[in-house]
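The next block holds one structure in the form of structure tokens; read it before the comments.
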There are 4 protein chains.
Amino acid sequence: MSAAPRTARGEKTRRRLLEAAEDVFAELGYTEASVSRITDRAGVGQGTFYLYFDSKLQLFEELVEDLNRRVRQAMSEGAASATTRLEAERAGFAAFFRFTAEHPALYRVVREAEFVSPGSLRLHYTRIVEGYIDGLRQAQQDGDIGDIDPTVAAWALMGIGEMIGMRWVLWDDGEGTGAVPDHVLDEMMRFIGGALGRGARRSDEEDS
Amino acid sequence: MSAAPRTARGEKTRRRLLEAAEDVFAELGYTEASVSRITDRAGVGQGTFYLYFDSKLQLFEELVEDLNRRVRQAMSEGAASATTRLEAERAGFAAFFRFTAEHPALYRVVREAEFVSPGSLRLHYTRIVEGYIDGLRQAQQDGDIGDIDPTVAAWALMGIGEMIGMRWVLWDDGEGTGAVPDHVLDEMMRFIGGALGRGARRSDEEDS
Amino acid sequence: MSAAPRTARGEKTRRRLLEAAEDVFAELGYTEASVSRITDRAGVGQGTFYLYFDSKLQLFEELVEDLNRRVRQAMSEGAASATTRLEAERAGFAAFFRFTAEHPALYRVVREAEFVSPGSLRLHYTRIVEGYIDGLRQAQQDGDIGDIDPTVAAWALMGIGEMIGMRWVLWDDGEGTGAVPDHVLDEMMRFIGGALGRGARRSDEEDS
Amino acid sequence: MSAAPRTARGEKTRRRLLEAAEDVFAELGYTEASVSRITDRAGVGQGTFYLYFDSKLQLFEELVEDLNRRVRQAMSEGAASATTRLEAERAGFAAFFRFTAEHPALYRVVREAEFVSPGSLRLHYTRIVEGYIDGLRQAQQDGDIGDIDPTVAAWALMGIGEMIGMRWVLWDDGEGTGAVPDHVLDEMMRFIGGALGRGARRSDEEDS
DNA sequence: AATGAATGAGAGTTCATTCAT
DNA sequence: TATGAATGAACTCTCATTCAT
């Protein structure tokens, strides 16, 4: 995968290219982000790019992988500091939104990946969803939530997070940008709490 | 906005271009879909394109508008044939998934719009969400669902629909393609039912 | 093979590109002859090139085919006007040298084809050699030449023609350029005449 | 001309580069053979190249000189072991073909030199031809061959050797590779024997 | 209303060469 | 003596758009 660093100097150049690429991709998207724009932003010559990456696409895929790893770590770390499961869930989403605000490329670039690198796109979503599934299974074993199908629920959670993030973190027309307002997070968690049958009652048992 | 129809012949050419564009965009995405590919598929000369559209971008925006109108209509029609609100909701989502299967361009092209035409993207989601909001408000007035913030809930529903559609309708690796399995739709509706506090109890009243 | 003419205008553009390419290839060789240099010389835009040829390589191969066809025709026509077989042979070589002088690309470009398009190279030589072989077989049946292996002899003749052409037609340092001096052609024909055992005596029968 | 050897270690590096270059040029040709490929094959750093050669071109020219010297030596040595002039000639050609098989770069690289370094090309052929001319003059003085113009005959021999070598040594489609079959060499020598008027009679004296 | 030949800006990528280490 | 990271010019090729017919 890619080529040449090894030295400390090379490692630094590589990191600068990766960071420049994240910025440029976030601003312009994959297609409009030309290699020369990335190298300009990184402050290196155009040819230098190919010392570190095989192609624009390979850099893109590496970037998606990288961002995916980091967002999952951010979510775990966010959740880790919580004491109750509910708090942990909320903290996980909050960390996700924070990461989205700080790394808009994650969101923007992944969506464009549909055509550029479908594999990257699927891997990205699937990995996050797998984390949700594990959490939901655990919660079910602990009797914290209802018996909803964890896979379906996990993809639904993924969709909720993504759409709320898009609407309140990324859009900047109108009410608030860069962060999901507390009230929205509150309502979103209430929505999810209800959905998961918090309290271990299955939805069709509610009336009994 | 663009030029030339007027005659019946012209109207037909225009429609053929729009349909060709939908196909080509769905297959290749906006960037990879060249004007010449669209005109080839439509069976007209390359120059003819500019008799009907100002630019590739304008065609794209018109297509997004068109698909948005059609998917909302499909959802209303789907819901209209139902007798209970619950059935209506389920039928609305089912119609959405059916439309996605028949017109993958809706989904694919809209995601790429993020960079190509952000306005189109926002308008698309906002219009669908507005429909949800209206429905949720009505349901609240009728006491069918809890007092969750309709705006937040509507965006959450949008996210759920999009993600489930992507996962089960569009992806073709592994289990099922082209249609959301009944079981998934069942679980998804149970998830949503719980989320909306079906039964009119607010989530913070549950314990009382 | 290639694309777009059809109209008279297009046909003209294509011919101009082919002629420009022949000139530029002859001067600079395949590698140094950039597409933009060819289009400049042809007086058309750079993009126009790709309306008529799939790639630089495809144009090259087409050009080799074209030159091969023309040189063989020139050789036949040259030979046709002769009355005796000897005169015909001489006229064929003379036509070959004349063609080389007028179309130096034939020679130069074919030699570089070794790496660019080995198939073109082989086809070029093989076709000319096949013509020689046919002629030699006929001459043997008529008892005009000895029983030398026609294939070996034909390749030898090819080599002689190519090397003499290179030395006297293409090189311009020193004695004469652009044409093989009569004396050289005379000696060359004497060499060939002896080689072919003119007079139908096999070399090992000479003494008998 | 170039820099740095002097030490034994340096001399060894230089030789390794030259050998690597011969291989890479033979495989890829001058244009496609990048300096980095040559240094990779030689097992040295990219910068090291310029310690020993001024440029890729200069290395190329040195290589052509080197191969030329070696092929001429191989031909002399081959011829030296023969007892009759005829055997010597045959042995010379055989050595030439053997060298071609072992060093395909000789042939391939020289042909591309047409555009890369015309001077190298001419020098290469001219030197070999001069050897032929000397040999032919000697044979004429000894009355072994006819009075054909030695220069024309020498270039013809050069062409024969090159074309037969290309056809039977280098091409690998079909009948035989890597070596000229005995039968072909036999016929070729018969062809040449006839051409040179073996037996000292001038071609215009044949009938007397 | 319809065509398709023509354009040129700009894309991704390669590579001979330099130079600080 | 040796290195390899860095460079930027140059390459082939694509494509939205124009316009004479």
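Every chain is numbered from 1, with letters handed out A, B, ... down the list of sequences.
- Residues D/L106 and D/V64 form no side-chain contact, since every pair of their non-hydrogen atoms from C-beta on lies 4.5 Å or further apart.
- F/dA2 atom P lies 11 Å from atom CD of D/E11, rounded to whole Å.
- At the heavy-atom level, A/T48 lies under 4.0 Å from base atoms of the strands shown.
- Put simply, CZ on C/F53 is 15 Å from P on F/dT14, counting in whole angstrom units.
- Base pairing of F/dA10 is made with E/dT13, judged by Watson-Crick or G-U wobble geometry with both donor-acceptor distances under 3.5 Å.
- The separation between B/Q46 atom CD and F/dT14 atom P is 14 Å, rounded to whole Å.
- Rounded to whole Å, the distance from CD on C/Q58 to C1' on F/dC13 is 14 Å.
- Donor-acceptor pairing under 3.5 Å is lacking for the side chains of C/S36 and C/Q46.
- Ring pair C/Y30/C/F25 is parallel by interplanar angle, where below 30° counts as parallel and above 60° as perpendicular.
- Side-chain contact check for C/R111 versus C/M166: some heavy-atom pair is nearer than 4.5 Å.
- Note on A/T13: a side-chain N or O is less than 4.0 Å away from OP1 or OP2 of F/dA6.
- A distance-only check finds a donor-acceptor pair linking the side chain of A/R16 to the backbone of A/A42 [under 3.5 Å].
- For E/dT21, the paired base is F/dA2 (Watson-Crick or G-U wobble, both distances below 3.5 Å).
- Comparing F/dT3, F/dA10, F/dT17 against the side chain of B/V35 picks out F/dT17 as the nearest.
- Counting to the nearest Å, the C1' atom of E/dT17 and the CG atom of D/L59 are 14 Å from each other.
- Here C/A8 lies out of heavy-atom contact (under 4.0 Å) with every strand.
- The nearest whole Å value for the distance from the CG atom in D/L17 to the P atom in F/dA2 is 9 Å.
- Between D/S55 and B/V44, the residue whose closest nucleotide on DNA chain E is further toward the 5' end is B/V44.
- OP1 or OP2 of F/dA2 lies within a sub-4.0 Å distance of a side-chain N or O belonging to D/Y52.
- Atom pair C/D54:CG and F/dT14:C1' shows a separation of 13 Å (rounding to whole Å applied).
- For D/L57 and A/K56, each mapped to the nucleotide of DNA chain E holding its nearest heavy atom, the one lying further toward the 5' end belongs to A/K56.
- Each of B/Y30 and A/R9 has a nearest nucleotide on DNA chain F; the 5'-most of these lies closest to A/R9.
- Nearest-nucleotide mapping onto DNA chain F: of D/F49 and B/S34, the residue sitting toward the 5' end is D/F49.
- If you check E/dA1 for Watson-Crick or wobble pairing at under 3.5 angstrom, you find it has no partner at all.
- Put simply, A/Y50 has a side-chain N or O that comes within less than 4.0 Å of OP1 or OP2 on E/dT13.
- Rounded to an integer number of Å, the gap from A/K12 NZ to F/dA6 C1' is 14 Å.
- In the model, C/S120 has no side-chain atom that pairs as donor or acceptor with a side-chain atom of C/E65 under 3.5 Å.
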